[in-house]
A.B. asks: 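Would you mind keeping the following structure in view while I ask a few things?
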Amino acid sequence: MTSIVKPKIVHKGLHRNKLGLTIRDYEGGMSTLCAGCGHDSITAAIVQAFFELDVPPHRVAKMSGIGCSSKTPAYFLGASHGFNSVHGRMPSIATGAAAANRELYLLGVSGDGDSLSIGLGQFSHAVRRNLDMLYIIENNGVYGLTKGQFSASADVGSKAKKGEVNEQQPIDPVQMAMAQGGTFVARSFSGDKEQLIPLIKAGIKHEGFALIDVLSPCVTFNDHEDSTKSYAYTRQFFHPAIHADYVSPAEEIKAAYDKGELMPIELHDGSKILLRKISEDYSVHNRGAAIDYIRAHHRRGEVVTGLLYIDESEPDMHGINHTTSVPLTDLPFDVLCPGSEALASVQRNFR
Ligand SMILES: Cc1ncc(C[n+]2csc(CCOP(=O)(O)OP(=O)(O)O)c2C)c(N)n1
Ligand code: SF4
Ligand SMILES: [Mg+2]
């Protein structure tokens, strides 16, 4: 994954957590994403959440697939374990890591393309297994890395950079996770760190599968090609001496709003989304009511944010499969590898 090594200058007065670490110890390489990309704001929230929870970075395994979103683990927790899997296959790798070592905090970062198109089956099975991990979808409605094709989360009527209009219904990962028995389901916005950081902390600590779908604007593919001031138009009349590309820096979109409040957000291309933060009296333990609530607001054009559902009574993957609590690397060799006679006996049972 591309990243630039950051010079490490630690200010003496920087706050230290219970482990004596500063926030700098939770950072990674310098981001190579477009300036203003929502994914960078989510990276900052992840860094802050792990720092505030006093989690030792080496106790974290960060997993991802392919996409701009899936590149971001290079930009946080440089001292943790990591695996950048093939497109849409991160849940399988995370399942293996979870089975091998329960002492790790598993964090999966994925995109709407990675999770809802090619990886939809993998995503669904991670939910129904209640795999003990925090799974963040950095949801921008497009395949950012491959230049802005619609993803399966694009809303009906949304326009691609080339003017094409999406006519297919979107897949909502939140409603999917609810329907498949998800035990921690939340949605947030990349620019709302007051909401996002506590949700990430709760998701890390949840025993089971915690999904946070984070709306994360893609600044580059909200740029319109019809405009004579667009980069695409300029390129037509420009003879490059070298093959290089430029994406204009954009401001990060931030949002601070209270419980129950409706917040209109203007995206970089001028389009709007309406965020509704769940109110004080919302019940997070009623799956049916939560789905009704999300759908009712969706019909009004609103996207509901906050912790939408939690169930702490369901066993996670380890509980269901009775996995060992000892990391596999710490098990004695004869337990891990019982020998050829034991294998032959298992095979005899299958005949
Ligand atoms: C097997 C396979 N098919 C297709 C691709 C091309 N590809 C790379 S990233 C991507 C989609 C990324 O979209 P998303 O997960 O939403 O990430 P974003 O870049 O928007 O953050 C695709 C289709 C690939 N790398 N591998
Ligand atoms: S293409 Fe879009 S998603 Fe990818 S880094 Fe740029 S702004 Fe972010
Ligand atoms: Mg995407």
Side-chain angles (χ1 to χ4, degrees), residues 1-4 28-46 62-76 83-94 108-123 126 135-155 158-162 166 168 170-174 176 187-191 211-225 230-232 244-253 265 267-269 271 273:
M1 283 179 285
T2 44
S3 73
I4 302 165
M30 195 128 50
S31 171
T32 57
L33 302 188
C34 311
C37 177
H39 299 350
D40 278 336
S41 314
I42 302 171
T43 292
I46 291 171
K62 45 185 190 175
M63 311 278 163
S64 62
I66 301 289
C68 298
S69 34
S70 294
K71 281 167 67 178
T72 65
Y75 314 139
F76 59 80
F83 199 112
N84 183 215
S85 83
V86 290
H87 201 18
R89 269 48 178 178
M90 176 264 281
S92 294
I93 305 294
V109 178
S110 180
D112 38 325
D114 195 61
S115 288
L116 305 178
S117 295
I118 195 167
L120 189 65
Q122 295 247 332
F123 170 69
Y135 193 110
I136 295 179
I137 300 183
E138 303 192 340
N139 193 344
N140 52 18
V142 290
Y143 297 168
L145 190 73
T146 52
K147 303 202 181 297
Q149 301 86 348
F150 291 127
S151 80
S153 73
D155 282 313
S158 53
K159 251 189 174 182
K161 199 172 177 181
K162 290 192 174 162
N166 175 45
Q168 296 178 57
I171 295 176
D172 177 357
V174 157
M176 265 194 67
R187 175 143 46 211
S188 192
F189 177 64
S190 57
L211 168 72
I212 312 180
D213 177 40
V214 189
L215 304 182
S216 176
C218 167
V219 298
T220 302
F221 294 103
N222 284 337
D223 187 24
H224 286 292
E225 206 167 59
S230 74
Y231 295 106
D245 206 349
Y246 175 72
V247 172
S248 64
E251 284 292 309
E252 172 194 0
I253 303 173
I265 301 280
L267 300 179
H268 297 94
D269 66 348
S271 63
I273 49 171

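Whatever order the structure lists them in is the order used to number ligands and atoms, beginning at 1.
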A.B. asks: For ligand 2, which atoms sit closer than 4.0 Å to a heavy atom of V219?
C.D. replies: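 Those qualifying, in numeric order: 7 (S).
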A.B. asks: Output all residues satisfying salt bridge (Lys or Arg N to Asp or Glu O under 4.0 Å) with D172, sequence neighbours left out; order by chain, then residue number.
C.D. replies: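 D172 satisfies salt bridge (Lys or Arg N to Asp or Glu O under 4.0 Å) with R187 once adjacent residues are dropped.
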A.B. asks: Applying ring pair (Phe, Tyr, Trp, His ring centres under 6.0 Å), name anything that partners Y135, two or more places apart in sequence or on another chain.
C.D. replies: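 Partners of Y135 by the ring pair (Phe, Tyr, Trp, His ring centres under 6.0 Å) criterion, ordered by chain and then number, come out as F123, F209.
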A.B. asks: Pick from D40, T32, T43: which one makes a side chain to side chain donor-acceptor pair (under 3.5 Å) with Y75?
C.D. replies: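 Testing Y75 for a side chain to side chain donor-acceptor pair (under 3.5 Å) against D40, T32, T43 leaves exactly one candidate, T32.
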A.B. asks: Near L33, which atoms of ligand 2 are under 4.0 Å from a heavy atom of that residue?
C.D. replies: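 That gives atoms 5 (S) of ligand 2.
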A.B. asks: Look at the side chain of N84 and the backbone N and O of G65, then say whether any donor-acceptor pair between them is shorter than 3.5 Å.
C.D. replies: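 Yes, because the side chain of N84 sits within donor-acceptor range (under 3.5 Å) of the backbone of G65.
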A.B. asks: Would you say the side chain of V109 lies within less than 4.5 Å of the side chain of F76, judging by non-hydrogen atoms?
C.D. replies: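 Yes - at least one pair of side-chain heavy atoms lies under 4.5 Å apart.
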A.B. asks: Would you mind running through ligand 2 and noting each atom that sits below 4.0 Å from a heavy atom of G144?
C.D. replies: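 Answer, ordered by atom number: 1 (S).
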A.B. asks: Of the backbone and side-chain N, O or S atoms of C218, does one lie nearer to atom 2 (Fe) of ligand 2 than 2.8 Å?
C.D. replies: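 C218 does place an N, O or S atom closer than 2.8 Å to atom 2 (Fe) of ligand 2.
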A.B. asks: I want to check something: taking the side chain as every heavy atom from C-beta on, are Q122 and M90 in contact at a cut-off of under 4.5 Å?
C.D. replies: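 Result no, sub-4.5 Å side-chain heavy-atom pair not found.
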A.B. asks: If we ignore hydrogens and angles and just use 3.5 Å, is the side chain of T72 paired with the main-chain N or O of C68 as donor and acceptor?
C.D. replies: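 No, the answer is negative, given that no donor and acceptor are paired below the 3.5 Å cut-off.
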A.B. asks: Does the side chain of I42 come within less than 4.5 Å of I136's, by heavy atoms?
C.D. replies: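 A side-chain contact under 4.5 Å exists here.
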A.B. asks: Which part of N140 is near ligand 2, with near meaning a heavy atom under 4.0 Å away: side chain, backbone, both or neither?
C.D. replies: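 Contact part for N140 vs ligand 2: side chain (C-beta onward).
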A.B. asks: Which N, O or S atoms belonging to the protein are less than 2.8 Å from the Mg ion (ligand 3)?
C.D. replies: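 Those protein N, O or S atoms (cut-off: under 2.8 Å from the Mg ion (ligand 3)) are D112 OD1, N140 OD1, V142 O.
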A.B. asks: So, is C34 placed with an N/O/S atom under 2.8 Å from atom 6 (Fe) of ligand 2, counting both backbone and side chain?
C.D. replies: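 Given the 2.8 Å cut-off, C34 counts as a ligand of atom 6 (Fe) of ligand 2.
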A.B. asks: Near F221, which atoms of ligand 2 are under 4.0 Å from a heavy atom of that residue?
C.D. replies: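 Checking each atom against F221, I get 1 (S).
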A.B. asks: For residues P217 and F189, determine if any side-chain heavy atom of one lies less than 4.5 Å from a side-chain heavy atom of the other.
C.D. replies: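 When only atoms from C-beta onward are counted, F189 and P217 do touch, with a gap below 4.5 Å.
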A.B. asks: Would you tell me whether S190 and E138 have side-chain atoms, one donor and one acceptor, within less than 3.5 Å of each other?
C.D. replies: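 Side-chain D/A pair, S190 to E138: absent.
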A.B. asks: Check whether any side-chain heavy atom of T220 lies under 4.5 Å from a side-chain heavy atom of K147, and answer yes or no.
C.D. replies: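 Contact flag for T220/K147 side chains = no.
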A.B. asks: Would you mind reporting whether L116 and P173 have side-chain heavy atoms less than 4.5 Å apart?
C.D. replies: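 They are in contact (side-chain heavy atoms under 4.5 Å apart), so the answer is yes.
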A.B. asks: Under the side chain to side chain contact (heavy atoms under 4.5 Å, CB included) criterion, do M176 and I171 qualify, and how do the steps go?
C.D. replies: CA-CA 8 Å; M176 265 194 67; I171 295 176; 3.5 Å; yes
A.B. asks: Show the short N or O contacts, below 3.5 Å, that ligand 1 makes with protein N or O atoms; if there are none, say 'none'.
C.D. replies:
| residue | atom | partner | partner atom | Å |
| --- | --- | --- | --- | --- |
| ligand 1 | 15 (O) | G113 | N | 3.3 |
| ligand 1 | 15 (O) | D114 | N | 2.7 |
| ligand 1 | 16 (O) | D112 | N | 3.4 |
| ligand 1 | 16 (O) | D112 | OD1 | 2.8 |
| ligand 1 | 16 (O) | G113 | N | 2.8 |
| ligand 1 | 16 (O) | V142 | O | 3.1 |
| ligand 1 | 17 (O) | S69 | OG | 3.2 |
| ligand 1 | 19 (O) | C68 | N | 2.8 |
| ligand 1 | 19 (O) | G144 | N | 3.2 |
| ligand 1 | 19 (O) | L145 | N | 2.9 |
| ligand 1 | 20 (O) | N140 | OD1 | 3.3 |
| ligand 1 | 20 (O) | N140 | ND2 | 3.1 |
| ligand 1 | 20 (O) | V142 | O | 2.9 |
| ligand 1 | 20 (O) | G144 | N | 2.8 |
| ligand 1 | 21 (O) | H39 | NE2 | 2.9 |
| ligand 1 | 21 (O) | S69 | N | 2.9 |
| ligand 1 | 21 (O) | S69 | OG | 2.7 |

A.B. asks: For ligand 2, which atoms have a heavy atom of C37 less than 4.0 angstrom away?
C.D. replies: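 Answer for ligand 2: 3 (S), 5 (S), 7 (S), 8 (Fe).
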